[in-house]
Enquirer: 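Quick one: the structure is below, questions incoming.
Naming: A, B, ... by sequence-line order, numbering from 1 per chain. This structure is a prediction, so every number in the text was calculated from the model and none was measured. Heavy atoms only: backbone and side chains are in, while hydrogens, waters and symmetry mates are out.
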Amino acid sequence: MAVESRYDFRRIEAKWQRYWEENGFYIVEEDPYKPKYYNLEMFPYPSGALHMGHVRNYAIGDVVARFKSMQGFNVLHPMGWDAFGLPAENAAIKHGIPPAKWTYANIDNMRQQLKSLGISYDWNREVTTCSPDYYKFTQWLFLQLYHMGLAYKREAAVNWCPSCATVLANEQVVDGACERCETAVEKKNLEQWFFKITDYAERLLNDLDRLTGWPDKVKTMQRNWIGRSEGCEFSFTVKGSGEKIPVFTTRPDTVFGVTYMVLAPEHPLVNTLVAGTEYEAKVREFVEKMKNLSEQARTSAEAEKLGVFTGRYAINPVNGEEVPIWLANYVLMDYGTGAIMAVPAHDQRDFEFAKKYNLEIRVVIQNPENELPLDGSLTEAYVGDGVMVNSGKFNGLSAKEGQSAVIKFMEANKIGRGAVNYRLRDWLISRQRYWGAPIPIVYCDECGIVPVPFEDLPVILPEDVEFRPTGESPLKYVDEFVKTECPSCGKPARRETDTMDTFVCSSWYFMRFASPHAANRPFLKPAVDYWMPVDQYIGGVEHAILHLMYARFFTKVLYDAGMLSCEEPFTNLLTQGMVLKDGAKMSKSKGNVVSPEDTIEKYGADTTRLFILFASPPERDLEWSEQGVEGCHRFLNRVWRLVVDLAKWQKETSNAVSVLSTSDRDLRYKVHYTIHKVTEDIEKRFNFNTAISAIMELVNAMYQYRDSMGNKMNPQVVKEALDSLILLLAPFAPHIAEELWEGTGHQGSVHRQPWPTWDEAALERSEMEIVIQVNGKVRDRIRVPVDITKEDLEELALTQVKKSIGKKHVVRVITVPRKLVNIVVK
RNA sequence: GCCCGGGUGGCGGAACAGGCAGACGCAACGGACUUAAAAUCCGUCGGCCGGUGACGGCCGUGCCGGUUCGAGUCCGGCCCCGGGCACCA
């Protein structure tokens with residue numbers, strides 16, 4: 001045999017990585033004669049180096065890709081870089097390295113690391129979101145959304161550090177203070193760009209039902225995030241001015257219980273309501289205080305209800321009652337209409353607020369099981385079902401009936417209408433940052449907001465810029481960038497200096513992979529129609545909401561634009577768990593980081609991958625164990641020695657045996673059982689840990705066969721076992737599998753072989769083991785022929801456990817075919 | 001508080017449809033080989049009790065209860081750990 005006796009993983013891994021690269025081994029093209037399989041792992045942010053979470057993600061993806069490929073699919077397995085983002089700017093400020101240089105250096109390093117892992121990527125399709133070739137089309141897609149009416153501009157609050165004079169990301173705000181200078185962060189309103197994802201709320205919600213290949217957990221999270229609720233919208237009228245204040249409620253049945261109303265502190269009407277009144281000063285003070293609190297701090301469960309009276313009253317349109325108008329911390333401008341009708345008797349938050357500020361609490365839904373006191377001695381809000389009282393002509397209706405009856409009444413009297421509200425908000429895509437895709441918009445004094453024409457793209461992000469230590473975007477000060485001509489009238493104009501949220505870049509990269517070099521369009525229709533949707537998407541559960549929701553949104557928009565034929569981007573989703581060390585997530589601050597590079601250097605890529613796949617099923621968290629890694633390394637050595645030894649024996653032996661001995665048949669059984677088990681574990685359950693266990697058991701069985709048979713081994717049985725073992729191992733440990741495949745005299749790469757299939761006949765056994773229970777407790781095990789009759793089996797079982805039965809008499813006998821006999825005695 | 005996961009030997013985990021609890025691996029211990037070590041190979045390995053012994057009995061999957069001939073698995077209640085989210089009207 002051409003294989004050396006020592007498992008030299010360094011030599012082997014380098015050899016095959018070079019072979020794959022030189023032969024363009026994983027480069028794919030559309031092939032109408034093969035079924036396609038698009039396998040995708042979430043592309044990484046190029047932070048500098050791979051961490052174990054990446055290795056896990058890509059090892060899992062590579063098993064699926066190689067497995068599907070051996071099964072005859074035309075597999076697309078691409079990789080790229082989510083390369084815009086804040087860390088590059090921080091590096092620029094801290095170390096004076098331009099973001100582009102820093103980012104590309106990281107990419108080069110991480111690409112090298114990925115290659116050293118031997119992942120089967122088609123590197124010809126690599127995409128990098130910070131490259132003009134790519135962000136040209138991110139901008140193109142922005143324009144597409146703009147022209148579809150899905151991109152718009154409005155004021156929205158940002159975190160503002162007055163000392164740094166810059167906008168901060170949520171992540172840069174630590175306990176309400178700037179992470180750089182610890183100045184208290186303020187809220188500041190800026191004009192910002194939004195995508196109208198709320199237009200797609202209903203479809204994003206409904207189509208979750210179609211995603212049968214997604215974990216329920218993720219679908220539930222998305223459903224809660226969209227937060228659809230049904231109710232009605234109607235307006236209160238401000239007494240004196242006649243202004244209308246629209247409110248949304250899910251409980252129109254309680255509208256007769258309204259005793260006050262509340263506006264969000266940011267509500268646009270607040271100023272006009274209090275201007276020039278004695279309440280003005282107090283209200284302004286309250287608004288100021290609320291403004292700089294984060295939404296979390298304002299609305300957390302522990303936070304006390306806080307409010308202020310405006311001095312004004314509003315008229316309830318259903319009964320003409322006047323109720324006071326308050327402002328309160330618990331009402332948010334971003335949800336619903338930014339104003340609520342308050343029904344303290346039937347809403348806990350309103351109840352707490354009313355108690356604190358001595359507002360009336362009026363019961364309008366009576367609890368049929370436990371009558372509520374009507375004298376104001378209620379101790380908590382009653383939010384359950386019941387009968388309407390104190391509600392005029394609606395009295396006697398159930399709360400449920402009342403909801404539709406009140407809506408009907410409002411619609412008939414043109415007071416309000418049934419409405420659906422979502423928790424989902426529009427997607428704010430403006431970032432006051434440098435390192436992102438520039439928003440392709442020009443501001444002209446004559447023409448206003450003018451989109452950059454498609455043919456003028458890309459709007460190039462200047463790479464030679466100076467950073468200020470404050471973190472402020474340098475883009476505003478690059479004259480060559482800002483100063484431009486209006487595409488419409490040709491007069492001098494200014495460019496938009498905000499860049500796009502990096503989630504925009506990652507909302508379409510999976511489509512770009514279909515035709516990564518297309519020069520005039522984001523992707524070519526025949527290519528995306530061939531490859532999309534992604535058959536298997538794999539990544540961390542932390543992206544369960546934002547990234548996956550935005551990617552679904554983009555897919556639907558582009559479907560509507562006629563650019564795509566699918567409405568959902570990811571048919572199957574696998575969310576992988578974290579990699580832990582000593583029970584905690586690996587992190588620099590905890591000092592429990594294990595470097596993939598070191599592990600690969602010490603044990604090899606095959607060992608590293610094998611351990612990560614073996615230690616835990618993909619969905620669960622994984623505890624890192626150096627000893628576990630060593631165990632996997634030992635296993636690969638054990639495989640190596642076995643194959644070397646058996647192959648050598650095979651070559652030297654000449655005896656052809658046609659009759660199979662019992663041991664031969666037992667080994668064949670094990671071989672085919674393992675093929676069956678590994679195939680199903682990969683395909684149906686993604687349980688790579690049990691698949692690897694099964695391969696380990698096969699190896700143990702092969703050693704046993706060799707040791708007990710010696711030269712009586714059957715060469716055909718040995719060959720079948722060896723070939724199967726190497727083929728089954730190929731997706732998990734691709735380098736050693738190649739080397740052993742070649743070393744056992746095969747032509748061509750192991751990864752180009754068809755996936756082994758099991759022989760049902762080999763799985764048929766003449767005997768089986770049956771468990772005998774007495775009253776559900778195992779008392780004995782017997783071997784019986786598989787074709788034994790039920791009667792014979794039960795009789796046999798009864799005699800077998802006579803002692804356990806003793807003097808008791810048999811009440812019942814339960815026989816589970818091929819498994820057990822349970823004798824019930826009394 | 002709500003939602004979603006999870007809790008099985010010393011450890012990672014297995015038990016796929018209610019039917020042998022602890023596969024496979026790690027660690028530990030005992031032994032073989034070796035001058036020695038490494039590597040490798042063989043054996044033991046949930047707890048308690050009984051037996052010189054092959055072996056036998058009882059208990060055991062976070063806790064309490066239930067359904068069932070039979071429960072790690074199903075149902076009800078509770079405890080603990082992890083993740084996500086929120087005054088969402």
Enquirer: Would you say the rings of A/Phe688 and A/Phe614 are close, in the sense that their centroids are separated by under 6.0 Å?
Expert: no
Enquirer: Using heavy atoms to find the nearest nucleotide of RNA chain B for A/Met696 and A/Met221 separately, return the residue whose nucleotide is more 5′.
Expert: A/Met696
Enquirer: To the nearest angstrom, how far is A/Lys581 atom NZ from B/G82 atom P?
Expert: 20 Å
Enquirer: Whole angstrom is fine here: how far is it from CG in A/Asp707 over to C1' in B/C41?
Expert: 9 Å
Enquirer: Determine which pairs satisfy salt bridge (Lys or Arg N to Asp or Glu O under 4.0 Å) with at least one residue from residues 808-821 of chain A, sequence neighbours left out, and list them in order.
Expert: none
Enquirer: Can you check the A/Met549 CE to B/G84 P distance for me, whole Å?
Expert: 17 Å
Enquirer: Using a cut-off of 4.0 Å on non-hydrogen atoms, how would the nucleic acid contact of A/Glu619 be classed: base, sugar-phosphate, or nothing?
Expert: nothing
Enquirer: With a 4.0 Å limit, can you tell me whether A/Arg641 has a side-chain N or O closer than that to the phosphate oxygens OP1/OP2 of B/C41?
Expert: yes
Enquirer: Does any non-hydrogen side-chain atom of A/Tyr260 lie less than 4.5 Å from one of A/Phe353?
Expert: yes
Enquirer: Taking the side chain of A/Asn689 as heavy atoms from C-beta outward, which of B/C16, B/C88, B/G13 is closest to it?
Expert: B/G13
Enquirer: Could you give the CG-to-C1' distance, from A/Leu642 to B/U40, as a whole number of Å?
Expert: 14 Å
Enquirer: Would you call A/Glu202 and A/Arg228 a salt bridge, taking side-chain N to carboxylate O under 4.0 Å as the test?
Expert: yes
Enquirer: One thing to verify: whether A/Asp645 and A/Arg706 come together as a salt bridge, which I'm taking to mean a side-chain N less than 4.0 angstrom from a carboxylate O.
Expert: yes
Enquirer: Considering every strand and a 4.0 Å limit on heavy-atom distances, what is the contact class for A/Gly631: base, sugar-phosphate, or nothing?
Expert: sugar-phosphate
Enquirer: According to a strict under-4.0 Å criterion, is A/Arg685 in side-chain N/O contact with OP1 or OP2 of B/A15?
Expert: yes
Enquirer: Any donor-acceptor pair under 3.5 Å linking the side chain of A/Lys356 with the backbone of A/Leu306?
Expert: no
Enquirer: Under a 3.5 Å cut-off on both pairing distances, which runs of 3 or more consecutive Watson-Crick or G-U pairs involve RNA chain B?
Expert: B:1-7 with B:79-85, B:10-12 with B:24-26, B:28-32 with B:40-44, B:46-50 with B:55-59, B:62-66 with B:74-78
Enquirer: Checking all strands, does A/Asp350 fall into the base, sugar-phosphate, or nothing category for heavy-atom contacts under 4.0 angstrom?
Expert: nothing
Enquirer: Can you confirm if the aromatic rings of A/Trp427 and A/Phe194 lie within a centre distance of less than 6.0 Å?
Expert: no
Enquirer: Would you classify A/Arg781 as touching base, sugar-phosphate or nothing, given that sugar-phosphate means primed atoms plus P, OP1 and OP2, and contacts are heavy atoms under 4.0 Å?
Expert: base
Enquirer: Before accepting this row, confirm whether a basic side-chain N of the pair A/Lys219/A/Asp216 lies closer than 4.0 Å to the acidic partner's carboxylate O.
Expert: yes
Enquirer: Select from A/Glu769 and A/Arg349 the residue whose nearest nucleotide in RNA chain B is closer to the 5' end of that strand.
Expert: A/Glu769
Enquirer: Please work out if A/Asn637 contacts a base, only the sugar-phosphate, or nothing of the nucleic acid, heavy-atom cut-off 4.0 Å.
Expert: nothing
Enquirer: Just call it for A/Val778: base, sugar-phosphate, or nothing, with non-hydrogen atoms closer than 4.0 Å on any strand.
Expert: sugar-phosphate
Enquirer: Rounded off to whole Å, could you give me the CD-to-C1' distance for the A/Gln704 and B/G43 pair?
Expert: 13 Å
Enquirer: With the criterion being N/O to N/O and under 3.5 Å, what pairs connect the protein with nucleotides 69-71 of chain B, and how long is each?
Expert:
from: B/C69; atom 1: OP1; to: A/Arg812; atom 2: NH1; distance (Å): 3.2
from: B/C69; atom 1: O2; to: A/Asn822; atom 2: ND2; distance (Å): 2.4

Enquirer: Checking all strands, does A/Arg779 fall into the base, sugar-phosphate, or nothing category for heavy-atom contacts under 4.0 angstrom?
Expert: sugar-phosphate
